[in-house]
Protein chains: 2
Amino acid sequence: MKTGSVSPEESALLALQRATHATLHRLATELVDLDLTSSEINALANLADGRGRTVSDLGAAIGTKPTTLTGVLDRLERRGHITRGTLAGDRRSVLIGLTPSGRTAADAIRQTIDTFERRVLASLGPEKVAAFHEVLRALTEESR
Amino acid sequence: MKTGSVSPEESALLALQRATHATLHRLATELVDLDLTSSEINALANLADGRGRTVSDLGAAIGTKPTTLTGVLDRLERRGHITRGTLAGDRRSVLIGLTPSGRTAADAIRQTIDTFERRVLASLGPEKVAAFHEVLRALTEESR
DNA sequence: TCACGGAATCGGATAATACTGTTCCGTAGT
DNA sequence: ACTACGGAACAGTATTATCCGATTCCGTGA
């Protein structure tokens, strides 16, 4: 008998967007002390692992064009959170790195994210979380 | 050590945002004929079921403040896609409805979304999709 | 050397988002 | 009935996000 759907299940994409809005807003609220916008938080969170990244790579990770990042990175640089270096081997590329203050901010962001995620995801169990990631991956992949 | 995670599992929130960006962009690209922005598409998609909604309700569904919607709705109204009526029983509220052209656009949006979702989700199986929704719901709930 | 293409930025345009204040309306208290 | 309070939406304003086209600088191959 067709799918044994328990409920009519709202559109996955709409639910996805709502969840993103909600979590983003929540993050910005909890991290209000840092005085950063959502995009800046997002950029720093993606840089938190310490690996340098080019603007293009960062844009691909976040989902925006390099053009969009220029302004965000300008502000982060002006605040002393990031540095713009040259990539060894290709001087066309700009290597984004964290300054000490940027690292502090990024660590705070990651910790806030981790705490939030653990709190929410722990009660659901690893299988569901794994399925969640799998679906996200599929949606992202198929959007290219 | 620590969790026997198969892979380091990137942050769920970062993956969530990337997926949202990617799918939104994909939608806007596929629906370029409609000449609508992401927010407009989002609003129409949420109205597609034909139930009228107040601005506040719509904002809650999308994840933005009513203030933000005013401009979006202005444009949709100017294009003849929506109407602003009064809510029976409370004349403070504005009831957003679809015009025929708005319904056409909304239907096209829903169909594009449905097709995309089916294509991506069908291969994953209903359990994973259900888990996906459950995690989304938990993340959204906990963000209040 | 020179033409081509990639990476990032700049200039300029539009949209998204939200804060504050205002208007209109509903409700409760007197 | 009158008034006070609060909710809903909008107007005004400011900041940010996003991107397109053009430009600059650089790497690569002919």
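So you know, we letter chains A, B, ... as the sequences are listed, proteins then strands, and number each from 1.
The two residues Ala48(B) and Leu98(B) have their closest heavy-atom pair at CA-CD1, 4.3 Å. Across all their heavy atoms, Ile113(A) and Ser11(B) have their closest contact at CG2-OG, 3.6 Å. The minimum heavy-atom distance linking Ala15(B) with His133(A) is given by the pair CB-CD2, 4.5 Å.
Under 3.5 Å, the side chains of Thr54(A) and Asp57(A) contain a donor-acceptor pair of N or O atoms. In this model, no donor atom of one side chain and acceptor atom of the other lie less than 3.5 Å apart for Glu77(A) and Thr83(A). At a cut-off of 3.5 Å, with distance as the only test, a side-chain donor of His81(B) or Ser101(B) sits close to an acceptor on the other residue.
Between the CG atom of Leu24(A) and the CG atom of Leu13(B) there is a distance of 8.5 Å, given to the nearest 0.5 Å. Here the straight-line distance linking atom CG of Leu95(A) with atom CZ of Arg51(A) works out to 10.5 Å at 0.5 Å rounding. Taking CZ of Arg110(B) as the reference point, atom CG of Asp49(B) lies at 7.0 Å (rounded to 0.5 Å).
For residues 37-62 of chain A, proximity to DNA chain D is found at Thr37(A), Ser39(A), defined as any non-hydrogen atom under 4.0 angstrom from a strand atom. Listed in residue order, the members of residues 68-79 of chain A having a heavy atom less than 4.0 Å from DNA chain D are Thr68(A), Val72(A), Arg75(A).
Taking atom CG of Leu27(B) as the reference point, atom P of dT18(D) lies 17 Å away to the nearest angstrom. Nucleotide dT15(D) holds its C1' atom 15 Å from the CG atom of Leu36(A), rounded to whole Å.
Among residue pairs with one or both ends in residues 30-48 of chain B, those qualifying as salt bridge (charged side-chain N to carboxylate O under 4.0 Å, His left out) are Arg26(B)-Glu30(B), Asp35(B)-Arg79(B), Glu40(B)-Arg75(B); sequence neighbours excluded.
Of the candidates Thr23(B), Asn46(B), Asn42(B), Asn42(B) is the only one forming a side chain to side chain donor-acceptor pair (under 3.5 Å) with Gln17(A).
With hydrogens and angles disregarded, a donor-acceptor distance shorter than 3.5 Å links the side chain of Thr99(A) to the backbone of Gly80(A).
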(message) Please encode protein proximity along nucleotides 20-30 of chain D as a string of B, S and -, counting only heavy-atom distances under 4.0 Å.
(response) B-----BS---

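For the pair Pro66(A) and His21(A), both in contact range of DNA chain C, the more 5′-proximal nearest nucleotide belongs to Pro66(A).
The existence of a salt bridge linking Glu10(B) and Arg18(B) is confirmed by a sub-4.0 Å separation between a basic side-chain nitrogen and an acidic carboxylate oxygen.
Following chains of ILVMFWY side-chain contacts shorter than 4.5 Å, one can reach Ile82(A) starting from Ile62(A), so the two form part of one hydrophobic cluster.
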(request) Might you work through the salt bridge (charged side-chain N to carboxylate O under 4.0 Å, His left out) test for Arg84(A) and Asp74(A), ending with a clear yes or no? (result) CA-CA 10 Å; Arg84(A) 279 165 147 121; Asp74(A) 281 350; 2.9 Å; yes

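Nucleotides of DNA chain C lying under 4.0 Å from heavy atoms of chain A occupy a range whose first and last members, 5' to 3', are dG5(C) to dA18(C).
Over its length, the helix from dT1(C)-dA30(D) to dT30(C)-dA1(D) turns its helix axis by 20°, as judged from the five terminal pairs at each end, rounded to 10°.
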